[in-house]
Trainee: 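Structure below; questions to follow.
Given the structure is predicted, the values throughout are model-derived calculations rather than measurements. Chain letters run A, B, ... following the sequence lines, proteins first, then strands; residues in each count from 1.
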Amino acid sequence: MLDIKLLREDPDTVRQGLKSRGADADVVDSVLEFDEIRRALLTKVEALKGDRNKVSKDIGAAKKRGEDTAAIQASVREMGEKISALDKQAQATTDDLNAVMLSIPNLPHETTPIGLDESANETIKQHGEPKQFDFKPLTHIEIGDNLKLFDFARAAKMTGAGFPLFMGVGAKLERALIQFMLDLHTTEHGYLEVSPPFLCNADAMTGTGQLPKMADDMYNLAEDGLYLIPTAEVPVTNIYREEIIDQELPVYLTAYTPCFRREAGAAGKMTRGLLRVHQFDKVEMVKYVDPAKSDAELESLLVNAEDVLQRLGLCYRVLSLCSGDISFAASKCYDIELWAPGQNDWLEVSSCSNFRDFQARRAGIRYRDENGKVRFVHTLNGSGVALPRLVVAILENGQQEDGSVVLPDVLVPYMGGLKKIVNSE
RNA sequence: GGAGGGAUGGCUGAGUGGACGAAAGCACUGGUCUUGAAAACCAGCGACGGGAGACUGUCCGUGGGUUCGAAUCCCACUCCCUCCGCCA
């Protein structure tokens, strides 16, 4: 949520920011209108309440003296009716105002490239060179079939398309990668491991910005009022919802969770195999930081995510997403894309975002600054990293002409000493 | 699932219709004292909103209700604890 003071004091900056990301700038006018009405109602009803409080106190005193207060009580009753009518109006206006405020996306950071679609994203670095093969590289689907690493057909039988079933070494590879990444972040990058619930309520989803906008993209258990998490960002960022954090910033947390996404309307493009699935595993990093330091914290978050890929020996590039391509709650976002030879394309495996105080304001996450003043923290998160496409890259980059797959060295201990996946038949 | 108990400020905890935004203690901050610290003593110390300001409103788990007036009474819900049942 944006600071309403910014909309009052500098509406043009807000309009400009919203336009730069292709969002509706007219909401600014709705907000200002509701805000003005609301404040007028508040002033009025609060004056009345002040009067009522005074008179009620007088009644109490008069009764103690044994005086008759019937007439004055009747007049206060009338005031009460006026007050409750005005209160209802004020509440309705506040609800309207909140609904609009919650639907407004974050403003792009001053360093976020301006542009309305992905063509304006900037590639800011590339690590390694796409691997050259002297045979035609297979896709992960073919490799997985040959080596019996996953079974999409049977998964579809029990659930449906887009829910992967990993088998044997494939399942173990999934587990090994999770363990490798958590170990790296907790022992070398300074993160505390947490293991959160995989379902969250609507308040939590609103806090991080999934609701109200993304309601259609989430699996919803209506009977229980719960949603399956689309990312660990939701439970982990909501750990401190409606709190004043009483430990020293920054707080670094990392978590493995499965992620569930309906990917509504995404059918058709990039949906084969593991490229786009409804359930996937991910290791996530979340930071709560001092607002003055969030720019630097985003850079180090990116470095932490890159470290995973460098140790796995993979070729990747980093994009700075433009204003039209960053997510609803983000102010600045880096995407990391892995090179996948079988796809002959780059695959997004990580988004590292700075939300500044956008989520903190929605979720009421605050801290005390050096003067003891309560302020909103800045929140950040980054995938560190998402599993299915990482598996795709490892399989497609590690494949040999004989159909086997050589695993990255760092994974060997996590694979029980296995260096190469071969067909066991 | 059943029975009972509970939810009050950073923490512990008092308060059962009126002077209570809330006793007391702890913690914290400032001061006195001290070479310094501790102790003692004094003072301060919730959040959020409206108003240029004086000032003012809201908040005692959440939402409704009763009342001139609700932390306090009534209803519903949520969460926590204890016991019983069930269960990985």
Trainee: Quick one: list whatever passes ring pair (Phe, Tyr, Trp, His ring centres under 6.0 Å) with A:Y256, sequence neighbours left out.
Mentor: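 Scan of A:Y256 (ring pair (Phe, Tyr, Trp, His ring centres under 6.0 Å), adjacent residues dropped) gives none.
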Trainee: Kindly list each side-chain donor-acceptor pair under 3.5 angstrom involving residues 171-179 of chain A, sequence neighbours excluded, with atom names and distances?
Mentor:
none

Trainee: Can you give me the N/O atom pairs linking the protein to nucleotides 59-61 of chain B at distances under 3.5 Å, or say none if there are none?
Mentor:
none

Trainee: Rounding to an integer number of Å, can you tell me how far A:E242 CD sits from B:rG10 C1'?
Mentor: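 Atom-to-atom, A:E242 to B:rG10, this comes out as 17 Å.
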Trainee: Whole-Å distance between B:rG57 C1' and A:Q91 CD?
Mentor: 14 Å
Trainee: When you compare B:rG61 with B:rA47, how far apart are their C1' atoms, in angstrom units rounded to a whole number?
Mentor: 16 Å
Trainee: Provide the closest heavy-atom pair for A:L418 versus A:I421 in the form atom of the first, atom of the second, distance.
Mentor: CD2-CG1, 4.3 Å
Trainee: Find which nucleotide of RNA chain B each of A:K49 and A:D246 is nearest to by heavy atoms, and output the residue with the more 5' nucleotide.
Mentor: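 That would be A:D246.
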Trainee: Any ion pair linking A:K332 and A:E122 (charged N to carboxylate O, less than 4.0 Å)?
Mentor: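 Salt bridge between A:E122 and A:K332, a charged N being under 4.0 Å from a carboxylate O: no.
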Trainee: Just by distance, no angles: are the side chains of A:D246 and A:Y367 close enough, under 3.5 Å, to form a donor-acceptor pair?
Mentor: no
Trainee: Side chain to side chain donor-acceptor pair (under 3.5 Å) with A:T379: which residues, sequence neighbours excluded?
Mentor: A:Q359
Trainee: Any non-hydrogen side-chain atom of A:V349 less than 4.5 Å from a side-chain atom of A:L309?
Mentor: yes
Trainee: Would you measure the distance from the P atom in B:rG4 across to the matching atom in B:rA40 and give it in whole Å?
Mentor: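 B:rG4 and B:rA40 have their P atoms separated by 47 Å.
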Trainee: Could you give all pairs that pass the side chain to side chain donor-acceptor pair (under 3.5 Å) test and reach residues 291-312 of chain A, with sequence neighbours left out?
Mentor: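 Passing the test, one end in residues 291-312 of chain A: A:H109-A:D295, A:K125-A:E306, A:E188-A:R311, A:H189-A:D307, A:Y191-A:N304, A:Y252-A:E297, A:K287-A:E297, A:K287-A:S300, A:S294-A:N354, A:S294-A:H378, A:E299-A:Y334, A:E306-A:Y316, A:D307-A:R311, A:Q310-A:Y316.
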Trainee: Between protein and nucleotides 64-78 of chain B, map the contacts as a letter string: B base, S sugar-phosphate only, - none, heavy atoms under 4.0 Å, written 5' to 3'.
Mentor: ----BS---------
Trainee: For a quick check, with a 4.0 angstrom heavy-atom cut-off, what is the B/S/- contact string for nucleotides 46-52 of chain B, read 5' to 3'?
Mentor: -SSBSS-
Trainee: Taking the C1' atom in each of B:rU67 and B:rA14, what is the distance between them to the nearest angstrom?
Mentor: 25 Å
Trainee: Using side chain to side chain contact (heavy atoms under 4.5 Å, CB included) as the criterion, list what pairs up with A:D145, not counting sequence neighbours.
Mentor: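 Scan of A:D145 (side chain to side chain contact (heavy atoms under 4.5 Å, CB included), adjacent residues dropped) gives A:I141.
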Trainee: Please measure how far the P atom in B:rC45 lies from the corresponding atom in B:rA24, and state the result in whole Å.
Mentor: 13 Å
Trainee: Between B:rC81 and B:rG30, how far is it from one P atom to the other, in whole Å?
Mentor: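 It comes out at 39 Å once rounded to the nearest Å.
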Trainee: Determine the Euclidean distance between corresponding C1' atoms of B:rA23 and B:rU8; express it in Å to zero decimal places.
Mentor: 12 Å
Trainee: Could you give the CG-to-P distance, from A:L48 to B:rU58, as a whole number of Å?
Mentor: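 Result: 11 Å.
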Trainee: The criterion is side chain to side chain donor-acceptor pair (under 3.5 Å); which residues satisfy it with A:D117, sequence neighbours excluded?
Mentor: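 For A:D117 the side chain to side chain donor-acceptor pair (under 3.5 Å) partners, ignoring immediate neighbours, are A:S119.
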Trainee: In whole Å, what is the span from the CG atom of A:N201 to the C1' atom of B:rU62?
Mentor: 13 Å
Trainee: Expressed as a whole number of Å, how far does the C1' atom of B:rG57 sit from that of B:rU66?
Mentor: 23 Å
Trainee: Going by side chain to side chain contact (heavy atoms under 4.5 Å, CB included), name the residues that satisfy it together with A:A23, two or more places apart in sequence or in a different chain.
Mentor: A:L18, A:R21, A:P105
Trainee: Regarding A:D216 and A:R262, does a basic nitrogen lie under 4.0 Å from an acidic carboxylate oxygen?
Mentor: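 No, no charged N to carboxylate O under 4.0 Å.
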Trainee: For A:K63, enumerate each residue passing the side chain to side chain contact (heavy atoms under 4.5 Å, CB included) test, keeping only those at least two apart in sequence or located in another chain.
Mentor: A:I59, A:T69, A:Q73
Trainee: Which whole number of Å gives the distance between the P atom of B:rG51 and that of B:rG46?
Mentor: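 The answer is 23 Å between these two P atoms.
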Trainee: Go through the side-chain N and O atoms of A:E348 and A:S351 and say whether any donor and acceptor fall under 3.5 Å apart.
Mentor: yes
Trainee: Are there runs of at least three consecutive Watson-Crick or G-U pairs touching RNA chain B, with each pair's two distances under 3.5 angstrom? Give them by first number.
Mentor: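 Paired runs of 3+ in RNA chain B: B:1-7 with B:78-84, B:10-12 with B:24-26, B:28-32 with B:40-44, B:46-50 with B:55-59, B:61-65 with B:73-77.
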